[in-house]
Amino acid sequence: MEDYKYLFKIVLIGDAGVGKTCLVRRFTQGLFPPGQAATIGVDFMIKTVEINGERVKLQIWDTAGQEKFRSITQSYYRAANALILVYDVCSQATFDSLPQWISDIESFAKHKVLAYLVGNKIDQINSKEVPTYIGKQWADRFEMRFLETSAKDAENVDILFYDIAVELTKDAREKDKLESDCSGFNISPNTKTINRCTACFKF
Amino acid sequence: MSGCCGCCAALKPRYKRLVDNIFPVNPEDGLVKNNMDKLTFYALSAPEKLDRIGQYLAQRLSRDVQRHRYGMVVIAMDALDQLLVSCHDYSLNLFVESFLKMVQKLLECDEVELQILATSSFIKFANIEEVTPSYHRRYDFFISKFSSMCHSNNNDETRKARIRTAGLKGLQGVVRKTVSDDLQVNIWEPIHMDKIVPSLLYNMHDQGFVPVDLDNHRNEEAPAFVAETVFRDLVCRASFGNIKSVLKPVLVHIDNHQLWCQATLQFVVKCFKIIMFSVQQQYAYIVIQVLMSHLDSHVRSSPDIKSSIVDVLFECVLIAAGGSIGPSVLDVFNNLVRHLRISLDSKSTDIEKRNMEKKFEEAIISTIGEFANNLPDYQKIEIMMFIMAKFPQFTSEEEFGGRMDAQLQTMLLKTLLKVATKYKTVSMANAFPPEFLHPLLRMSLLDDPGMRIIVQQILHTLIDRNDNTPKFKHVVITKDISKLGLKLQKSARQDSLFMKKNGSEFYGCLLENMQMDSNKVDNFEALYCTMALICVEMGCTEILLELIRFALELQNIAINKLSLPLTHKCAIHALTAGFFNFLAQLADVKSLVTYVSGVIEIRRQEASHLLPEVAFNRANKPSSSGTLDGSYPEVETLKDTWLFQQSQIAEILTELGHDVSRLSKPFTYRAFSSLLESDAGSSSDIQSIYLDMESKESSPVVARKRAEEVITVESLKKMLAEDSTLERDEEERRRKEILQTFQTAPFEEIVARSESKSNHFHNKLNEILELVSKHPDSPGSLRKTNRTTVPVFDIQFPELYVY
């Protein structure tokens, strides 16, 4: 009766005013709200997408960038399947604070969480301060995926979320498969005790 | 659609048909009452079908949500609520899963109204008491979502308030549901508390947090009000292990939102008041502990933050009262005193900043006072002794090595005073145990006149049982003391006993205080106050003789101590006059009153500078050229008629049947100041033992007069020639004198006497040894032996050897 196969939680983080809320709005509602007010605490959106014929539900938690909400937003990291760390390509300052964000991720998020570094606002070509290759380098260094987007022009926004959905689905499938393999072993009438043990070790 | 359903109806299972029937054709018609009753009845009679019913309802609901048929959604939720309420407890479990799924579904959709609807359903569910345990129910999503709703930023103000209120109530529901059930998720885990607590606080503080007006019903739905209620609810559910998990996010939130500043301090205080009032009494001290450690973590923060924390601490202590201290009493005080010290050690030069630091220091002191207030009395004395131990002069504590900052001393004294004011004296012996009294009296002789005043104030508050202190603030000659409106109490016998035992220490200390060159008018006034209080509290009739003796000695000081400036002498004379006047009236000795007022009258006419009106007139300042104001005489003269004559007083007292023999004895007292110095080298605890060492030194002065006789041939001849009876008589007389001295004089006085003698001896000895060791021609070998002997004569003998 479920109307989706997998459910993933995605959390957006990054300095205030880099366009996190706009990215989410663009993706979930297909619109770009001009003059978006600063997010308070945490905002929540949901979107169901289809990946390889399977419905995947994405719970998107859009956190406030302001320092004063840090403690509440950090509490959302742990549950996240994927983290999107956003900076503003037109603002070196938002890029400079990335190390702080990385260390936050390390201390609060799950180990080996899927992390994405996103440089937003590439529509403002003239005032770009952080070159693409720098962002890329940085993402590579911390084993993150990298993408530059524009919430305004809807550039790369869908790609970003779909990519995450695909990746997470792949992981989830592998896990499922492992589990079903494992249970297959157990059900098999020929299985001996020793087999079960090896299966467990493998798992 | 309905037609299709109709034709398939026969093929559907019964529960599906029943469910379908509750939905009207037209959503506006609402739930079909009759059919709903049927469904309920069916569910009750066949509870095993409940999970199927739930699943089917959920299915329908999610379909309706997708098709945006919100009317139907509302009806479905209504049906769910009714089923929930009417179901029996044991069957509920089967149903809950699909119910929660539906709530989640609604919370996930964008429609605000549906979210609110879902929340209210959830709250209804939360209010149902479940007996059967349920194993895997996850509330993570609900906590996350409700917290998110608490931070709603909807453009429409009323909507925003509704969403937030819903979120807050939802959180309350989750807490209620989970807190009592061990099998449920542990709501106290930081991952949840970090969401719940900031959400509550944010709403409590948002929109200028107005104090809730209980009469106003409209207010009750306001997020701030709801948040407060939920917060109270949360705190009062917290147990010993969990209270910290609530407090930590509170403090982090306050830090993050920078609420420690003055403008928002009121809110923080309010928050902590809520906590203190809601928390289970026996855990109140944990709150205080946590605040203390938070203060520790802010050691390097700006003083205004620290003083805000201490202010909050103060408020908490007020509320927690007896429960504020917890198991480690001294720890609390030690910690606060440490902060006081840190603040003073790192005081800044910037005036504005310094002012803030001062505020912080004051806040600490009053908090210490408040802590002490909650202790039983005997512990207050302990605490005072503990604080006193922080003075380097009185201890060999390594931690406080080196000279202490004068400001810190003042602060510590103020702290002491604060604690002392909280102490309610019942009996003097309890208020002044010797191990407390001695250091306190010694402290009264500190170099700084300002500090001395504080020590006197400590004495005032401890001695004064009837709030008479304000009446003795100034030295005046009152014609009729009954006008002062003194509150008198028959003094207990044990107090006069206490005075008999410790009186000489008090007097000695006061006398020495009088002689301090650095005394100011305030000092004299404070001393006068102490004296007057002693009269009032210790029962002046019993110790009248001692007091008079003391007063006469005071006069002697003014006469004999030539090094004192004229103003000081006048002040002492005036003080003596004031004291005599007061004492005579208080003791109600008519003849003495007449005599005293006679002397005062003479002074008034001939030597007004010896009366308080002039001597304690602050307007009288020595002019710049060094000469004194006109009211002081140019030449120092003293006429006998201006003074209180011992012989005349003795006469008066004899008439009244007092034994005045002791009046003529000179008043000896232990020199506290000398103790002060010698004590620094004394490693032994001065309070621990009062050993009476048998030695030649312990015999009184008169006993050793014979040694002074010079032995020559002449004298020997004389001795042979002379009749020895005279000599024998003389000896007899001396013996009697000694005997009498020992029989009548109080122990302390004898000690003092012998001590002054032995101190002299000790000094002489030191001098001689000094000479020996510095001998210039001493050869190498001698020097070597010298070095080995150094410890012998360098030892400062602890004071106990002098007895």
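Fair warning: this is a prediction, and the values are worked out from it, not measured in the lab. Each chain gets a letter, A, B and so on, in the order the sequences are listed, and its residues count up from 1.
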Enquirer: Looking at chain A, which one of B/I191, B/N155, B/V252 has the largest number of heavy-atom pairs inside 4.5 Å, strictly under?
Expert: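 Of B/I191, B/N155, B/V252, B/I191 has the most heavy-atom pairs under 4.5 Å with chain A.
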Enquirer: What's the spacing between A/K47 NZ and B/D110 CG if we round to 0.5 Å?
Expert: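 Taking NZ in A/K47 and CG in B/D110, the distance rounds to 10.5 Å.
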Enquirer: Taking the side chain as every heavy atom from C-beta outward, state whether B/S144 and A/F44 have any pair of such atoms under 4.5 Å apart.
Expert: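 In short, these two side chains do not touch, never coming nearer than 4.5 Å.
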Enquirer: As an exercise, state the distance from CG of B/N256 to CD of A/E67, rounded to the nearest 0.5 Å.
Expert: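 Answer for the CG-CD pair, B/N256 versus A/E67, is 7.0 Å.
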Enquirer: Could you tell me whether a side-chain N or O of A/S71 sits under 3.5 Å from a main-chain N or O of B/H253, the two making a donor and an acceptor?
Expert: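 Side chain of A/S71 to backbone of B/H253, a donor-acceptor pair under 3.5 Å: no, none is there.
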Enquirer: What are the residues of residues 13-39 of chain A, in order of number, with any heavy atom under 4.5 angstrom from a heavy atom of chain B?
Expert: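 The list, in residue order, reads A/Q29, A/A37, A/A38.
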Enquirer: Under 6.0 Å from the NZ atom of B/K248, do we count more than 12 heavy atoms belonging to anything else shown?
Expert: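 Not more than 12 within 6.0 Å, no.
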Enquirer: Please name the pair of heavy atoms, one in A/S75 and one in B/K195, separated by the smallest distance, quoted to 0.1 Å.
Expert: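 Distance-wise, the nearest heavy atoms are OG-CG, 3.0 Å.
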Enquirer: Kindly indicate whether the side chain of A/I72, heavy atoms from C-beta on, has any atom under 4.5 Å from the side chain of B/Y202.
Expert: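 A/I72 does not reach B/Y202 side chain to side chain.
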Enquirer: Select one option (side chain, backbone, both, neither) describing which atoms of B/I196 are under 4.5 Å from chain A's heavy atoms.
Expert: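 Answer is neither: B/I196 stays 4.5 Å or more from chain A.
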Enquirer: How long is the straight-line distance from OG of B/S147 back to OH of A/Y76, given to the nearest 0.5 Å?
Expert: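 Nearest 0.5 Å value for the OH-OG distance: 4.0 Å.
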Enquirer: Does atom NZ of A/K128 have more than 12 heavy-atom neighbours, drawn from other residues, nucleotides or ligands, at distances under 6.0 Å?
Expert: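 Yes.
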Enquirer: Mind checking the CG-CE spacing from A/D43 to B/M149? Nearest 0.5 Å is all I need.
Expert: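 That separation rounds to 11.5 Å.
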Enquirer: Should we say atom CZ of A/R145 is surrounded by more than 12 heavy atoms from elsewhere, each under 6.0 Å from it?
Expert: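 Atom CZ in A/R145 is packed in, count exceeds 12.
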Enquirer: Has A/E143 got more than 12 heavy atoms of other residues, nucleotides or ligands less than 6.0 Å from its CD?
Expert: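 Check fails, neighbour count at 12 or below.
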Enquirer: Answer yes or no: is there a side-chain heavy-atom contact under 4.5 Å between B/P198 and A/F69?
Expert: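 Side-chain contact under 4.5 Å: no.
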Enquirer: Please classify the contact between A/K9 and chain B as side chain, backbone, both or neither, with a heavy-atom cut-off of under 4.5 Å.
Expert: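 Contact with chain B: none, neither part.
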Enquirer: First locate atom CD1 of A/I40, then atom OG of B/S152, and finally report the distance between them rounded to the nearest 0.5 Å.
Expert: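 Reported value, rounded in 0.5 Å steps: 8.0 Å.
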Enquirer: Can you tell me which portion of A/Q59 sits under 4.5 Å from chain B's heavy atoms? Options are side chain, backbone, both or neither.
Expert: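 Contact with chain B: side chain only.
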Enquirer: Are the side chain of A/K68 and the backbone of B/Q258 linked by a donor-acceptor contact shorter than 3.5 Å?
Expert: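 Flag not set: sc A/K68 to bb B/Q258 has no pair under 3.5 Å.
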